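So you know, we letter chains A, B, ... as the sequences are listed, proteins then strands, and number each from 1. Bear in mind the structure is a predicted one, so any value in this text is a computation, not a measurement.
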Amino acid sequence: MMERDFFEQVWEIVRQIPRGSVTTYGHIAAALGTRSAARTVGWALNAVAGRTDIPAHRVVNRCGELSGRYHFGTPTLMRELLEAEGVTFDGDRVRLDVHLWIPPVR
DNA sequence: CTATTGACCTTCT
DNA sequence: GAGAAGGCCAATA
């Protein structure tokens with residue numbers, strides 16, 4: 001498998017997230033082989049923050065909290081986008097039990 | 001060029 | 001069970 005840049009790998013996985021589902025940094029990092037590189041995953045998303053090609057709003061932390069909501073421009077934009085896709089929320093957290101999507105193991 | 005931080009998670013103590 | 005530290009990759013100061 002051609003291991004491109006760490007960023008592109010993250011983007012490719014995030015791009016494959018089905019609409020109405022969310023995933024976590026840990027799962028993405030684990031899918032890439034490095035489960036501890038969750039921090040770098042955040043950087044990859046930050047590099048595409050504002051792009052529609054990659055739904056970074058579908059990526060949440062392990063607790064289901066929208067940790068990077070302040071990186072979107074408006075703190076509520078992330079939640080608005082998810083709600084618009086049919087994602088349900090439990091208070092300020094996403095229902096991972098319902099919308100948790102696990103990326104393909106590579 | 002070195003040091004620190006950053007949308008985090010896992011494991012040890 | 002709770003707290004602290006380590007680890008990963010990249011960007012910024």
Side-chain angles (χ1 to χ4, degrees):
Chain A
M1 40 310 231
M2 33 289 183
E3 303 193 6
R4 313 167 194 149
D5 297 318
F6 201 89
F7 278 38
E8 287 194 11
Q9 292 186 70
V10 176
W11 299 337
E12 196 165 319
I13 291 178
V14 175
R15 202 183 304 168
Q16 288 169 31
I17 299 177
R19 177 179 159 285
S21 299
V22 295
T23 188
T24 67
Y25 302 93
H27 282 139
I28 294 175
L32 297 178
T34 46
R35 54 197 180 205
S36 306
R39 301 183 87 175
T40 316
V41 176
W43 268 107
L45 297 175
N46 189 21
V48 296
R51 270 187 150 177
T52 51
D53 301 357
I54 295 150
H57 56 269
R58 290 181 188 159
V59 183
V60 294
N61 66 353
R62 195 56 181 113
C63 303
E65 297 177 345
L66 309 179
S67 18
R69 63 186 167 183
Y70 279 96
H71 286 261
F72 275 87
T74 52
T76 52
L77 177 63
M78 195 171 185
R79 182 165 174 178
E80 292 283 317
L81 290 170
L82 291 172
E83 285 187 318
E85 293 186 351
V87 178
T88 54
F89 281 79
D90 180 21
D92 288 342
R93 291 183 183 176
V94 183
R95 284 190 156 182
L96 297 177
D97 303 22
V98 182
H99 303 287
L100 178 57
W101 175 84
I102 299 173
V105 183
R106 272 287 12 185

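DNA chain B lies under 4.0 Å from at least one heavy atom of each of the following residues of residues 18-28 of chain A: A/Y25, A/G26. Contacts between residues 69-97 of chain A and DNA chain B, defined by a heavy-atom separation under 4.0 Å, are made by A/H71, A/F72.
Both A/M78 and A/L96 are assigned to one and the same hydrophobic cluster, defined by single-linkage of ILVMFWY side chains at heavy-atom distances under 4.5 Å. Residues A/V22 and A/V48 are members of separate hydrophobic clusters, defined by side-chain heavy-atom contacts under 4.5 angstrom among Ile, Leu, Val, Met, Phe, Trp and Tyr. Hydrophobic clustering (ILVMFWY, side-chain heavy atoms < 4.5 Å, transitive): A/W11 and A/Y25 are in one cluster. Clustering ILVMFWY residues whenever any of their side-chain heavy atoms sit less than 4.5 angstrom apart, transitively, puts A/V94 in a cluster other than the one holding A/W101.
A/D5 places no side-chain N or O within 3.5 Å of a backbone atom of A/F7 that could act as its donor or acceptor partner. Formation of a donor-acceptor pair under 3.5 Å by the A/T23 side chain with backbone atoms of A/V59 is not found in this model.
Residues passing the ring pair (Phe, Tyr, Trp, His ring centres under 6.0 Å) test with A/W43, sequence neighbours excluded: none.
When DNA chain B is scanned 5' to 3' for any atom under 4.0 Å from a heavy atom of chain A, the first and last hits are B/dG6 to B/dC9. Between chain A and DNA chain C, the heavy-atom contact criterion of under 4.0 Å yields a 5' to 3' nucleotide range of C/dG7 to C/dA11.
For the atom pair CZ of A/R93 and CG of A/N61, the computed distance is 8.0 Å after rounding to the nearest 0.5 Å.
Residue A/N46 is classed as a base contact, given a heavy-atom separation below 4.0 Å to a base. At the heavy-atom level, A/S36 lies under 4.0 Å from base atoms of the strands shown. In this structure, A/A30 reaches neither bases nor backbone, as no heavy-atom distance under 4.0 Å exists between it and the strands shown.
The same atom, C1', is picked in C/dA4 and in B/dA7; the two are 22 Å apart, to the nearest Å. Remark: the separation of the P atoms in B/dT4 and C/dA5 is 16 Å, to the nearest Å.
Contact detail for A/V60 and A/E65: the closest heavy-atom pair is CB-O, 3.6 Å.
Around CZ of A/R79, the count of heavy atoms belonging to other residues, nucleotides or ligands within 6.0 Å exceeds 12.
Each side-chain hydrogen bond (donor to acceptor under 3.5 Å, both in side chains) pair with one or both residues in residues 51-60 of chain A, not counting sequence neighbours, appears once here: A/H57-A/E85, A/R58-A/E85.
Each of A/L32, A/V41, A/T34 was scored for a side chain to side chain contact (heavy atoms under 4.5 Å, CB included) with A/Q9, with one residue passing: A/L32.
Comparing A/W43 and A/R39 along DNA chain C, the residue whose closest nucleotide (by nearest heavy atom) sits nearer the 5' end is A/R39.
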- Step by step, work out the side-chain contact (heavy atoms from CB on, under 4.5 Å) result for A/H27 and A/L100. CA-CA 10 Å; A/H27 282 139; A/L100 178 57; 4.0 Å; yes
